[in-house]
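A quick note: this is a predicted structure, and the numbers were derived from the prediction, not measured. The residues of the chain are indexed from 1 along the displayed sequence.
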Amino acid sequence: MSDTILQIKGLSIKVKGNENTVTELVNHINMVIKRNSICCIVGNSGSGKSLVATSIMGIFADNLHVSGNIYFNDEDILTLPQKKLEKIRGKQIGIVMQNCAGSLNPLLKNGKQLRLSMKNYHRGKERQRAIEVLEQVELRHPEQILRQYPHELSGGMKQRLMTAIGMVNSPTLLIMDEPTKGMDVILRNQIADMIEKLYKDTHTTILLITHDLELAHKLSDYCYVMSDGKIIEENETQALFKQANSAVFKKLITSEQKMTYFFEGKGGEQC
């Protein structure tokens, strides 16, 4: 078995606008994700990193033109028939979308949402598997949570629930898109610890997509930096943060340091 679980070759995504204008959203990117690792894509909003995540799932809007290759276990996602792609989604590749509150159906109980995600992979053992995966993401009182609706959970609990939904079929690759977006420092650290424990316990390969450099630095083994639809820098994470070459990444690091400095109470007068 190859030590590469996913390889992207020359991925470009364009959108046609009014009057036949063409905008390039992702520009000829190449990426390799090693099996049993945490790989990270960092960049500002609009850099194209979330579009890469949905591309790996084979999800595209009708007005997008896509070229290149996305090899998952040596099969090209972009050329697979829909039926085979449906078998890969959820079972072999899981995804945790950003905006966990908006991704959960407010009319369905949490247990029902977990069962729907199982796609008959755990027939007859749905409740047992639901409890197991809630425990994996460190949600207390799992049986109570299964009976509740999403609005009865806190923001951090919703994020854990979304992670459980992504992990319920034991995928070999889990994509996590902005898992700490909009969270305060305490909650962000709790989610980071949860991801780290989940990775150590399950050995699932994780693709982490974030603008949170502290999260990337803490968790990932290898890091890609995106800007304006391009990969502008890549390296092993520790080496990348020690010696950033691009001006964009240096600016991101400086901004992150200033924000951390302020929220630790060192940034002047307190509100």
Side-chain angles (χ1 to χ4, degrees), residues 33-43 49-50 53 93-101 103-104 110 114 117 129-146 148 150 152-224 236-238 240-242 252-253 255-257 259-266:
I33 300 176
K34 297 294 184 182
R35 201 176 299 274
N36 299 326
S37 70
I38 299 180
C39 182
C40 189
I41 306 175
V42 299
K49 57 189 188 298
S50 292
I93 305 177
I95 189 167
V96 182
M97 303 295 289
Q98 59 176 294
N99 183 20
C100 56
S103 299
L104 293 166
N110 303 322
L114 273 164
S117 300
R129 177 56 187 156
I131 291 173
E132 286 175 354
V133 75
L134 290 179
E135 289 175 342
Q136 278 184 335
V137 298
E138 299 183 298
L139 275 170
R140 297 179 181 178
H141 313 298
E143 293 191 4
Q144 177 182 328
I145 288 171
L146 293 177
Q148 293 177 319
E152 298 179 81
L153 306 182
S154 67
M157 293 172 74
K158 288 176 185 176
Q159 184 62 57
R160 292 174 190 270
L161 176 61
M162 282 299 300
T163 304
I165 290 172
M167 285 293 297
V168 74
N169 296 316
S170 304
T172 52
L173 173 64
L174 179 67
I175 303 168
M176 303 192 76
D177 191 2
E178 298 285 9
T180 58
K181 186 175 183 179
M183 295 182 179
D184 60 39
V185 175
I186 294 173
L187 188 52
R188 182 180 67 176
N189 290 338
Q190 290 175 356
I191 295 300
D193 290 342
M194 181 269 292
I195 296 171
E196 187 172 34
K197 185 176 187 301
L198 186 68
Y199 168 69
K200 289 179 178 178
D201 290 347
T202 65
H203 303 289
T204 302
T205 304
I206 296 176
L207 175 58
L208 190 61
I209 296 172
T210 184
H211 66 276
D212 185 340
L213 298 189
E214 186 177 344
L215 184 72
H217 188 237
K218 178 180 180 179
L219 295 182
S220 67
D221 304 299
Y222 200 90
C223 192
Y224 292 89
E236 292 181 357
T237 303
Q238 299 304 316
L240 181 66
F241 276 79
K242 283 181 180 178
L252 284 172
I253 292 174
S255 298
E256 182 93 357
Q257 288 171 341
M259 290 294 288
T260 302
Y261 194 71
F262 176 82
F263 283 112
E264 285 179 350
K266 303 171 184 177

Trainee: State the CG-OH distance between L207 and Y224, to the nearest 0.5 angstrom.
Mentor: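 One finds 9.5 Å between CG of L207 and OH of Y224.
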
Trainee: Specify the closest pair of heavy atoms between P171 and G166, including all atoms of both residues, with the distance to one decimal.
Mentor: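 Scanning both residues, the minimum pair turns out to be CG-O, 3.4 Å.
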
Trainee: Can you check side chain to side chain contact (heavy atoms under 4.5 Å, CB included) on C223 and V42, steps first, answer last?
Mentor: CA-CA 7 Å; C223 192; V42 299; 3.9 Å; yes

Trainee: Would you name the heavy atoms of F241 and L213 that are closest together and state the gap between them?
Mentor: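 Of all heavy-atom pairs spanning F241 and L213, the closest is CZ-O, 3.6 Å.
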
Trainee: Which residue, I95, V137, L104, forms the side-chain contact (heavy atoms from CB on, under 4.5 Å) with M162?
Mentor: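 Result: among I95, V137, L104, L104 is the only option passing the side-chain contact (heavy atoms from CB on, under 4.5 Å) with M162.
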
Trainee: Which one of T237, N189, D193 satisfies the side chain to side chain donor-acceptor pair (under 3.5 Å) criterion with K218?
Mentor: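 With K218 as partner, side chain to side chain donor-acceptor pair (under 3.5 Å) holds for just one option, D193.
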
Trainee: Yes or no on salt bridge (charged side-chain N to carboxylate O under 4.0 Å, His left out) for R188 and D212, after CA distance, side-chain angles and deciding distance?
Mentor: CA-CA 10 Å; R188 182 180 67 176; D212 185 340; 3.5 Å; yes

Trainee: What residue pairs, at least two apart or across chains, pass salt bridge (Lys or Arg N to Asp or Glu O under 4.0 Å) with a residue in residues 160-177?
Mentor: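 Every pair satisfying salt bridge (Lys or Arg N to Asp or Glu O under 4.0 Å) with a residue in residues 160-177: E138-R160.
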
Trainee: Taking side chain as C-beta onward, heavy atoms only, is M157 less than 4.5 Å from I145?
Mentor: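 With C-beta onward as the side chain, the pair touches.
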
Trainee: Enter the distance from L161:CG to L134:CG here, rounded to the nearest 0.5 Å.
Mentor: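 Rounded to the nearest 0.5 Å, the CG-CG separation comes out at 6.5 Å.
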
Trainee: Quick one: pull up SG in C39 and CD1 in I206 and give me the separation to the nearest 0.5 Å.
Mentor: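 One gets 11.5 Å once the value is rounded to the nearest 0.5 Å.
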
Trainee: Step by step, would you call Q136 with D201 a side chain to side chain contact (heavy atoms under 4.5 Å, CB included)?
Mentor: CA-CA 8 Å; Q136 278 184 335; D201 290 347; 6.0 Å; no

Trainee: Write down the atom of K158, the atom of L153, and the distance for their closest heavy-atom approach.
Mentor: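 So the two residues come closest at CE-O, 3.4 Å.
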
Trainee: Counting C-beta onward and ignoring hydrogens, is there a side-chain heavy-atom pair between T210 and K49 closer than 4.5 Å?
Mentor: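 Side-chain contact under 4.5 Å: no.
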
Trainee: With a 4.5 Å heavy-atom cut-off, do T204 and L198 have their side chains touching?
Mentor: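 T204 does not reach L198 side chain to side chain.
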
Trainee: Measuring from atom CG of L208 to atom CD1 of I175, what distance do you get when rounded to the nearest 0.5 angstrom?
Mentor: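 The distance works out to 11.5 Å.
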
Trainee: Would S50 and Q98 count as having a side-chain donor-acceptor pair, cut-off 3.5 Å?
Mentor: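 The criterion, which ignores hydrogens and geometry beyond distance, is satisfied for Q98 and S50.
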
Trainee: Once you round to the nearest 0.5 Å, how far does CG of N169 lie from CZ of R129?
Mentor: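 So the gap between those two atoms works out to 7.5 Å.
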
Trainee: What's the spacing between K181 NZ and L215 CG if we round to 0.5 Å?
Mentor: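 Result: 14.0 Å between the selected atoms.
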
